[in-house]
2 protein chains.
Amino acid sequence: MATDQVPPVSHEPLDEMPTVEPEAAADPVDDADVPADKGYRQPEVDVEALRTLLDGRYREVRDLVRANLAEHAQILVDEEQLTTSDFRERVRDVVVTMAGTGQTGMGFPEAYGGGGDIGASIAAFETLAFGDLSVLVKVGVQFGLFGGAILQLGTRLHHDAHLADLVAGRTMGCFAMTESGHGSNVQALGTVATYDTAAQEFVITTPDDASRKDYIGNAAAHAELAVVFAQLEIGQGAEAERHGVHAFVVPIREDGRVRSGVRIEDCGPKMGLNGVDNGRLWFDGVRVPRTALLNQFAEVTPEGRYLSPIDNPDKRFFTMLGTLVQGRVCVGGAGINAAKVALTIATRYAVRRRQFEAVSPDEEQVLLDYGMHQRRLLPLIARTYALHFAQEVVAGQLHDVFSGPGPTAEGNDEHARRVLESRAAGTKVLGTWHATRTIQECREACGGAGYLSENRFAALKADTDVFTTFEGDNHVLLQLVAKGLLTDYAGEFEEMDQLGMARFVAGLAVETVVERTAVHKLVQSVRDLLPGGDRWDQEAGLLDPNYQLAMLRFREEHMIGGVARRLKRGIDQGMNPGAVFSRVQDHVIAAARAHTERLVLEAFVHKAADLPDGDLKVALNLLCDLHALTTIEADRAWFMEHGRLSSTRSKAISREINALCRKVRPLAVDLVDAFGVPEEMLRSPDLLGWTDTGPVR
Amino acid sequence: MATDQVPPVSHEPLDEMPTVEPEAAADPVDDADVPADKGYRQPEVDVEALRTLLDGRYREVRDLVRANLAEHAQILVDEEQLTTSDFRERVRDVVVTMAGTGQTGMGFPEAYGGGGDIGASIAAFETLAFGDLSVLVKVGVQFGLFGGAILQLGTRLHHDAHLADLVAGRTMGCFAMTESGHGSNVQALGTVATYDTAAQEFVITTPDDASRKDYIGNAAAHAELAVVFAQLEIGQGAEAERHGVHAFVVPIREDGRVRSGVRIEDCGPKMGLNGVDNGRLWFDGVRVPRTALLNQFAEVTPEGRYLSPIDNPDKRFFTMLGTLVQGRVCVGGAGINAAKVALTIATRYAVRRRQFEAVSPDEEQVLLDYGMHQRRLLPLIARTYALHFAQEVVAGQLHDVFSGPGPTAEGNDEHARRVLESRAAGTKVLGTWHATRTIQECREACGGAGYLSENRFAALKADTDVFTTFEGDNHVLLQLVAKGLLTDYAGEFEEMDQLGMARFVAGLAVETVVERTAVHKLVQSVRDLLPGGDRWDQEAGLLDPNYQLAMLRFREEHMIGGVARRLKRGIDQGMNPGAVFSRVQDHVIAAARAHTERLVLEAFVHKAADLPDGDLKVALNLLCDLHALTTIEADRAWFMEHGRLSSTRSKAISREINALCRKVRPLAVDLVDAFGVPEEMLRSPDLLGWTDTGPVR
């Protein structure tokens with residue numbers, strides 16, 4: 001628990017002693033040997049049924065990936081033993097072999113050897129996160145970023161030229177967007193593609209070192225092609241006209257040798273993911289034909305006229321970028337699944353490992369019977385389930401949006417796309433932060449053994465670390481989410497930078513901002529379901545999902561209103577909009593997190609509610625309660641500050657969480673086994689007590 | 001920020017709109033362009049003077065280490081490039097070379113080539129954490145653990161035989177305490193040393209795999225000697241009598257070859273610290289002479305009689321262990337200094353790097369001018385200062401206790417030693433968790449660049465990860481701290497395991513437990529200094545250090561009382577003491593953290609108060625306020641739950657923190673430069689904008 005916050009503890013005030021103890025009935029010590037609820041019966045978990053629920057409609061796809069992972073399990077050891085350059089080759093070979101099974105091409109049209117099912121491609125990618133993550137990221141670069149850009153930004157010409165080869169892994173490519181000096185601000189990148197009308201070619205140039213392409217996966221060793229993002233310029237010198245960022249297919253190697261005019265530098269050793277060859281690229285007047293422009297959203301005619309169905313350059317830029325949303329959905333899912341590996345190891349270890357003589361002087365107690373250890377691991381298991389179901393929702397939305405007609409000039413599905421982008425961003429943020437936190441907690445919960453490479457945490461921690469940064473820095477993404485909330489994904493959305501957003505919001509009444517949000521109606525509807533009228537926050541049961549949802553919805557609505565008010569007031573007072581934004585930034589980010597937390601809880605509540613009655617439903621409801629209450633507990637200060645939680649009720653929540661942990665404790669191993677992480681991916685022979693015939697449970 | 005807690009934001013409730021705004025004057029947006037305090041003048045920081053303050057009495061020692069680090073800076077690159085076995089040799093060579101400068105032997109008696117100054121040895125070790133941490137840990141193993149055990153547990157015979165060689169690095173040794181199956185529960189270890197009266201030898205045996213020595217630094221490749229902890233047994237079979245854990249000097253290699261009867265296995269690759277050769281040891285009837293027993297606290301006569309000046313075996317065990325407290329003090333200091341390296345890089349980067357057009361459309365804003373970025377980094381700088389001064393206190397206490405006469409049968413300094421052990425444990429916990437959290441936050445604050453090895457975060461993160469576990473798992477150490485608090489370091493202290501503690505506390509009145517704690521008087525005394533009488537928590541100024549201290553002291557006292565009450569009630573109700581402890585464990589740990597947080601704040605407040613008036617004092621007071629208020633803010637839910645913080649005041653604290661961040665912002669680079677991390681240890685040429693002539697500031 002690497003935070004300076006003292007964890008909440010449940011106890012009564014000092015001055016309530018000693019004879020009359022009104023809270024005594026609810027005190028966790030008092031209810032020690034009786035079940036908390038009359039009639040409560042401990043559910044049994046059918047691991048297979050739960051796994052079927054988790055795997056969902058893509059069970060077969062996930063099992064194919066599991067089998068492929070098991071077949072190549074040796075790569076987890078190779079990661080420790082091979083030199084960097086040998087390991088890169090090994091990763092490439094595994095990726096190409098996996099491509100041969102159809103695993104990596106599921107999102108591409110069948111005509112080019114793909115599977116024609118976007119949802120399946122997400123499921124396959126997520127599942128790959130159980131194994132070596134260099135393989136995962138290499139797959140993401142080749143098929144998601146490079147292949148996705150050709151597919152989404154290119155047209156028939158490009159598809160015919162490249163898709164079949166890249167789907168089969170015959171042509172490797174890279175995705176050259178990020179620049180050293182511009183990071184998350186892609187719209188400001190510096191690489192230029194100037195159209196030479198005479199030659200009917202684009203000339204790609206890196207004007208300065210701040211504009212070199214940086215951290216580009218596949219660039220240092222393997223890519224023959226690059227999708228290069230550059231400022232499209234037509235005309236020369238003072239005449240030159242710029243049309244914003246566009247993507248071009250640029251050969252960077254021929255027969256394994258770097259092409260003339262291209263300079264490539266290796267990024268060198270990294271914290272993790274050393275099986276991926278990240279590099280830097282400079283272009284010195286590299287010429288490509290006019291058709292190298294990926295022209296789904298814009299075209300340059302041979303004579304140098306610029307044409308686009310989308311007039312507004314900002315809107316065009318964000319429409320293009322929006323087609324690449326799949327990458328964010330994939331990374332979020334990968335983070336969640338990497339966390340599952342860590343939790344599986346730490347939980348199985350915690351029911352084997354004994355420490356100190358706590359219950360009797362003769363026998364040491366297993367770790368998971370300690371209250372503290374339950375508090376460390378069980379809420380993380382609950383949150384992993386919550387995020388899993390939230391990820392299922394966003395992956396489903398992605399599938400639906402991208403299986404329909406593409407974006408058009410009229411933008412008939414524009415609103416749905418903006419909502420999807422926002423949800424993908426938020427889920428990516430929570431999923432990747434969850435991975436960082438969970439892997440760290442699990443490592444510490446396995447003590448010194450967790451530090452040995454054979455126990456997986458070394459690679460999990462090092463490899464996932466950058467997930468919070470790539471495919472969009474988490475803080476930048478939360479600002480994107482907030483912008484969508486505050487502007488209701490308005491048509492103006494794409495044109496606005498932070499200054500624009502501040503001005504836009506300042507121009508509306510605060511009530512207007514709040515009323516336009518999706519959460520506004522939800523708050524009212526859920527309150528109507530709760531007992532107590534205006535006192536719903538005091539009367540409703542803590543385990544009532546409507547109460548839990550009402551709390552998160554209230555927080556979200558309140559925070560959005562607060563941001564709108566502060567932006568408005570600052571600008572009304574004549575402050576610089578940028579300075580106003582900077583001051584309100586923490587509030588903006590908090591509102592975006594609150595929004596995403598609400599979506600995650602809703603996904604879990606709906607999933608559990610839809611189950612038929614039975615033990616599985618009881619077990620998932622326990623987990624859902626545990627997740628909901630730990631989420632409220634983590635921000636209980638805010639709820640108290642805003643009059644939605646009395647101190648008595650706040651303490652009752654902490655007690656209830658402890659009671660829920662004791663109920664979930666006997667289910668813990670089944671809950672992690674249902675994740676279906678292949679045994680070969682766990683390694684950890686000492687931690688799990690492997691014998692010659694397999695792991696001891 | 002890898003946590004699911006939504007960060008606190010300062011704003012007013014939604015329903016306070018629109019005309020009357022009572023909080024308007026304090027709102028952060030409203031006070032935008034005027035200084036918050038009339039007459040406030042931004043201080044200037046004299047970096048050299050601040051560094052002198054931080055370095056304290058051991059400036060020269062620290063500068064020697066800085067020079068040695070700079071001389072061997074190449075090792076930071078070697079860590080990435082050499083094979084594991086070559087890197088181990090390289091680390092060994094650097095350690096031995098450093099030993100030649102006197103840097104590593106400062107804690108040993110001058111008669112054996114040491115420096116005779118324990119405080120100096122701590123200062124040297126802490127400073128070493130600016131560099132490669134395999135070197136640091138190898139130094140810790142050789143001179144701290146191995147050398148420290150010979151010095152503290154051995155007598156003249158052992159000193160004469162080993163100290164001169166080990167201080168010079170001619171003899172390498174290891175410290176074989178931890179066993180695979182027993183972890184933090186050293187008293188339960190399984191290795192046996194049976195005295196053979198006929199041969200006047202001890203026979204060392206590993207009875208089972210759970211009792212193999214594990215994670216032993218220096219064991220896999222370099223150690224010739226091991227200090228082995230084993231159950232001392234006299235007599236054979238049914239006659240055998242055990243006297244508890246003792247330490248023995250055991251040769252494990254001769255001329256580089258493993259000695260007969262000893263089996264050594266390499267622990268293999270680790271998450272980090274791969275320059276340290278960790279191994280596992282098994283002993284199969286290995287014979288050592290009777291004099292191999294390190295006999296400072298116990299002796300076996302040639303004819304097999306056991307003698308010890310300390311009758312009680314538990315007390316003897318804890319007295320022996322207590323002499324090794326220096327290791328914990330060292331690790332805590334190392335964690336704090338590793339955090340300084342990360343903060344130096346991230347802060348300097350944050351004033352160079354521009355991102356998005358926040359303030360004006362023409363220029364991107366530097367990261368550290370964003371409110372969120374200030375919130376990420378500046379409280380961590382403040383906390384690093386707080387922990388630095390807290391570490392200075394505990395290192396000073398260690399120096400004083402260990403520079404006096406050693407522990408005696410009468411135990412005349414026993415109480416001081418127990419208090420030191422508790423403080424060392426608590427500071428180690430906070431210092432190492434701070435390192436984990438700070439390095440992670442700084443990595444994320446440097447974006448993708450933070451992921452490249454040349455930018456230091458990869459090694460910092462991987463190498464420090466195990467700090468939270470070794471020299472005592474942080475949660476186990478906090479339980480030790482709590483035991484001391486609850487029993488007032490009573491004579492019974494050493495004899496008690498968790499069951500014993502629960503029973504002991506249950507036998508006292510709760511008031512007795514609370515009144516015996518050191519904090520009890522402090523709470524009263526500080527309240528007398530505050531305005532408002534019983535309403536001190538509402539009337540005192542947020543920036544009054546007495547208010548800040550009163551809050552932390554109140555929390556500590558209240559938590560200790562709560563733990564005592566819950567233990568008492570559970571046992572009074574006839575529950576199993578172990579089960580009671582398990583239930584109360586989170587509360588026990590929270591109380592220990594609260595205690596240590598109070599000590600840390602006191603150290604900072606006292607340091608700042610002792611400074612002469614001037615800009616340096618103003619600057620340190622800003623930092624101290626920032627640290628104190630973020631500490632209260634992090635646990636503001638608890639204070640609200642316990643009636644010590646109104647929701648209005650809680651929000652005012654968050655606003656005040658934002659205001660303090662804006663005041664500290666212009667000082668940030670000076671504050672990290674004063675840490676005095678050698679430029680060669682920062683690397684990060686791109687992040688810091690190095691040119692051929694050095695870093696750009």
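Note that this is a predicted model, so its numbers are computed, not measured. Sequence lines set the chain letters: A, B, ... in the order given, protein chains first and strands last, and positions in each chain run from 1.
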Inset, instruction - Could you tell me which of B:S647, B:G643, B:S646 has the largest number of non-hydrogen atom pairs under 4.5 Å with chain A? - result: B:S647

Inset, instruction - Kindly compute the distance separating NE2 (A:H642) from NZ (B:K651), expressed to the nearest 0.5 Å. - result: 4.0 Å

Legend entry - N/O donor-acceptor pair under 3.5 Å between B:S582 side chain and A:D369 backbone: yes

Legend entry - B:L645 versus chain A, the contacting section by heavy-atom distance below 4.5 Å: neither

Inset, instruction - Determine the minimum heavy-atom distance between A:Q585 and B:Y370, stating which atoms define it. - result: OE1-CB, 3.3 Å

Inset, instruction - Tell me, for B:F639 versus chain A, whether the close heavy atoms (under 4.5 Å) come from the side chain, the backbone, both or neither. - result: neither

Legend entry - For the student: nearest non-hydrogen atoms of B:A637 and A:M640, plus distance: O-CE, 3.4 Å

Legend entry - Most contacts with chain B, counted as non-hydrogen pairs under 4.5 angstrom, among A:A459, A:A449, A:C267: A:A449

Legend entry - Distance (rounded to the nearest 0.5 Å) between A:H373 NE2 and B:H475 NE2: 9.5 Å

Legend entry - Heavy-atom donor-acceptor pair, A:R636 side chain to B:E641 backbone, under 3.5 Å: no

Inset, instruction - With a 4.5 Å cut-off on heavy-atom pairs, point out which of B:L273, B:T83, B:D209, B:T438 contacts chain A the most. - result: B:L273

Inset, instruction - For chain A, find which of B:A458, B:S453, B:G268 contributes the most heavy-atom pairs closer than 4.5 angstrom. - result: B:S453

Legend entry - Which portion of A:L430 sits near chain B, non-hydrogen atoms under 4.5 angstrom: neither

Legend entry - Between CG on residue B:D586 and CZ on residue A:R375, distance to nearest 0.5 Å: 6.0 Å

Inset, instruction - Flag the pair B:D465 / A:Q440 as yes when at least one side-chain heavy-atom distance between them is below 4.5 Å, and no otherwise. - result: yes

Inset, instruction - Please report the shortest heavy-atom distance between A:R443 and B:V466, naming the atom on each side. - result: NH2-CA, 3.7 Å

Inset, instruction - Without swapping roles, check the side chain of A:Y451 against the backbone of B:A462 for a donor-acceptor pair under 3.5 Å. - result: yes

Inset, instruction - With a 4.5 angstrom heavy-atom cut-off, could you sort out which part of A:N278 is near chain B: side chain, backbone, both or neither? - result: neither

Inset, instruction - Using a cut-off of under 4.5 Å on heavy-atom pairs, state which of A:K461, A:E454, A:E80 scores highest against chain B. - result: A:K461

